[in-house]
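Each remark here refers to the structure printed beneath this line.
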Amino acid sequence: MGKRVAVVLAGCGVYDGTEIHEASAVLVHLSREGAQAEVFAPNIPQMHVVDHVKGQPMPEQRNVLVESARIARGNIKDLAQLDVKGMDALIIPGGFGVAKNLSTWATQGKNCSISREVEDVLREFHAAQKPIGLCCISPVLAAKLFPGCEVTVGHDTECDQWPYAKTAESMKELGCKHVNKQVTEIHVDTRNRLVTTSAFMCNGSIHDIHDGIGNMVREVVRLA
C-alpha cells in the first residue's frame, strides 16, 4: 500500500477557491509517487463567488465542499470526516480560497483567523509529526499556527516575477522565518516537518510551477 495523503481543497477556481492547476499537479505527482490521495474540503459557504472572466464578485452563493468536488471528480469527503490517525501526510494547494474560505487572510492578513476545522487538522498532523505540504498562499496557515516555523512563498522583494512578495513580510511579522526560493525549489523545515513551494506566487511558466509542486510532493511522500 502506498502512503495515504490527505489533500484539502478550498473550492474550485483561483480567485475564490483552490487553484485548479496546483490541485491537479498535487494529484498527478502523488499518483506518480504511488501514494493514495484522499480529498477533503470543509462543508461551508464560500466567502463570495468571483466571475473568473471579469475578476469581479457575483451575486450568488456556493459551497466549498460542493465546488471542490468538481476538482476531485466527486471523490471527496467532508473535512469533518478526516481521521488524522489513518493518514500519513497532509497537502494543501493554494488559491485565494485558502485566504478566503479556509482563513480570513485575504481581508485581515497577519491578524487573520483560521477555520476551526482547518486549524484542528493542521495542529493534529503537526502534533503527530506527520509531514505537511503547502504551496502558493497556503504556507500562511503554518505561519499563523506554528510560530518560528520556516516556509517559503518564493521571494520577499516585490517585482514583476514576484507580485505577491509582501506576503513574506507579513509572515515574518508573525515570527516565522521566510526563505527565498525559486519557483522550482522547495524549502523543508525539518523540525516542523513542513514542505513549502511558491507555485503561482510566482509569475512564472506553468511547467516550472508544476515541477516545483512535484518536488514538494516527492519530499512529503519521502518524509511520510
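Just so it is clear, the values below take in all heavy atoms, side chains as well, and ignore hydrogens, waters and symmetry mates.
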*Going by an N to O cut-off under 4.0 Å, is there a salt bridge joining K172 and D156?*
yes

*Charged N to carboxylate O below 4.0 Å: is that the case for K166 and E169?*
no

*asked:* Name the residue from L79, V98, N101, L145 that meets the side-chain contact (heavy atoms from CB on, under 4.5 Å) definition with V118.
replied: L79

In the single-linkage hydrophobic clustering (I, L, V, M, F, W, Y; side-chain heavy atoms under 4.5 Å), do [X] and [Y] co-cluster?
{"X": "I91", "Y": "L102", "result": "no"}
{"X": "V5", "Y": "L141", "result": "no"}
{"X": "V121", "Y": "I114", "result": "yes"}
{"X": "V84", "Y": "V7", "result": "no"}
{"X": "V49", "Y": "M47", "result": "no"}

*Which residues, ordered by chain and number, are linked to V66 in its hydrophobic cluster, where ILVMFWY side chains connect at heavy-atom gaps below 4.5 Å, directly or through other members?*
none

Closest heavy-atom contact between [X] and [Y]?
{"X": "T157", "Y": "W162", "result": "O-CB, 4.0 Å"}
{"X": "H52", "Y": "D16", "result": "CE1-OD1, 3.5 Å"}
{"X": "I76", "Y": "A41", "result": "CD1-CB, 3.9 Å"}
{"X": "L9", "Y": "P93", "result": "CD2-CG, 4.0 Å"}
{"X": "V39", "Y": "A72", "result": "CG1-CB, 3.9 Å"}
{"X": "G11", "Y": "V64", "result": "N-CG1, 3.7 Å"}

Out of curiosity, [X] [atom1] to [Y] [atom2], how far, rounded to the nearest 0.5 Å?
{"X": "S103", "Y": "I137", "atom1": "OG", "atom2": "CD1", "value": "8.0 Å"}
{"X": "L134", "Y": "I186", "atom1": "CG", "atom2": "CD1", "value": "12.0 Å"}
{"X": "L82", "Y": "L90", "atom1": "CG", "atom2": "CG", "value": "7.5 Å"}
{"X": "S68", "Y": "D78", "atom1": "OG", "atom2": "CG", "value": "10.5 Å"}
{"X": "R123", "Y": "F146", "atom1": "CZ", "atom2": "CZ", "value": "6.0 Å"}
{"X": "M171", "Y": "H178", "atom1": "CE", "atom2": "NE2", "value": "6.0 Å"}

*Listed once per pair and sorted, the side-chain hydrogen bond (donor to acceptor under 3.5 Å, both in side chains) pairs that draw on residues 39-51, sequence neighbours left out*: N43-N63, H48-K100

_Sequence neighbours excluded - side-chain hydrogen bond (donor to acceptor under 3.5 Å, both in side chains) pairs with any residue from residues 126-146_ = H126-N192

*Is there any salt bridge (charged side-chain N to carboxylate O under 4.0 Å, His left out) pair reaching into residues 177-200, and which pairs are they, with sequence neighbours excluded?*
none

In a table with atom names and distances, give each donor-acceptor pair under 3.5 Å that connects a side chain of residues 207-224 to protein atoms at least two apart or in another chain.
residue: H210; atom: ND1; partner: H29; partner atom: NE2; Å: 3.2
residue: N215; atom: OD1; partner: R218; partner atom: NH2; Å: 2.5
residue: N215; atom: ND2; partner: T184; partner atom: O; Å: 2.7
residue: N215; atom: ND2; partner: D211; partner atom: O; Å: 3.4
residue: E219; atom: OE1; partner: R222; partner atom: NE; Å: 3.1
residue: E219; atom: OE2; partner: R222; partner atom: NE; Å: 3.3
residue: E219; atom: OE2; partner: R222; partner atom: NH2; Å: 2.7

Would you say [X] and [Y] make side-chain contact, with heavy atoms under 4.5 Å?
{"X": "I92", "Y": "L122", "result": "yes"}
{"X": "F125", "Y": "M87", "result": "yes"}
{"X": "T152", "Y": "P139", "result": "no"}

*asked:* Would you say CG of D83 has more than 12 non-hydrogen atoms from neighbouring residues, nucleotides or ligands within 6.0 angstrom?
replied: yes

*Is the side chain of R4 donor-acceptor paired with the backbone N or O of G86 at a distance under 3.5 Å, no angle test?*
yes

Determine all donor-acceptor pairs shorter than 3.5 Å in which one atom belongs to a side chain in residues 20-28; sequence neighbours excluded.
residue: E22; atom: OE1; partner: G94; partner atom: N; Å: 2.8
residue: E22; atom: OE2; partner: F200; partner atom: N; Å: 3.4

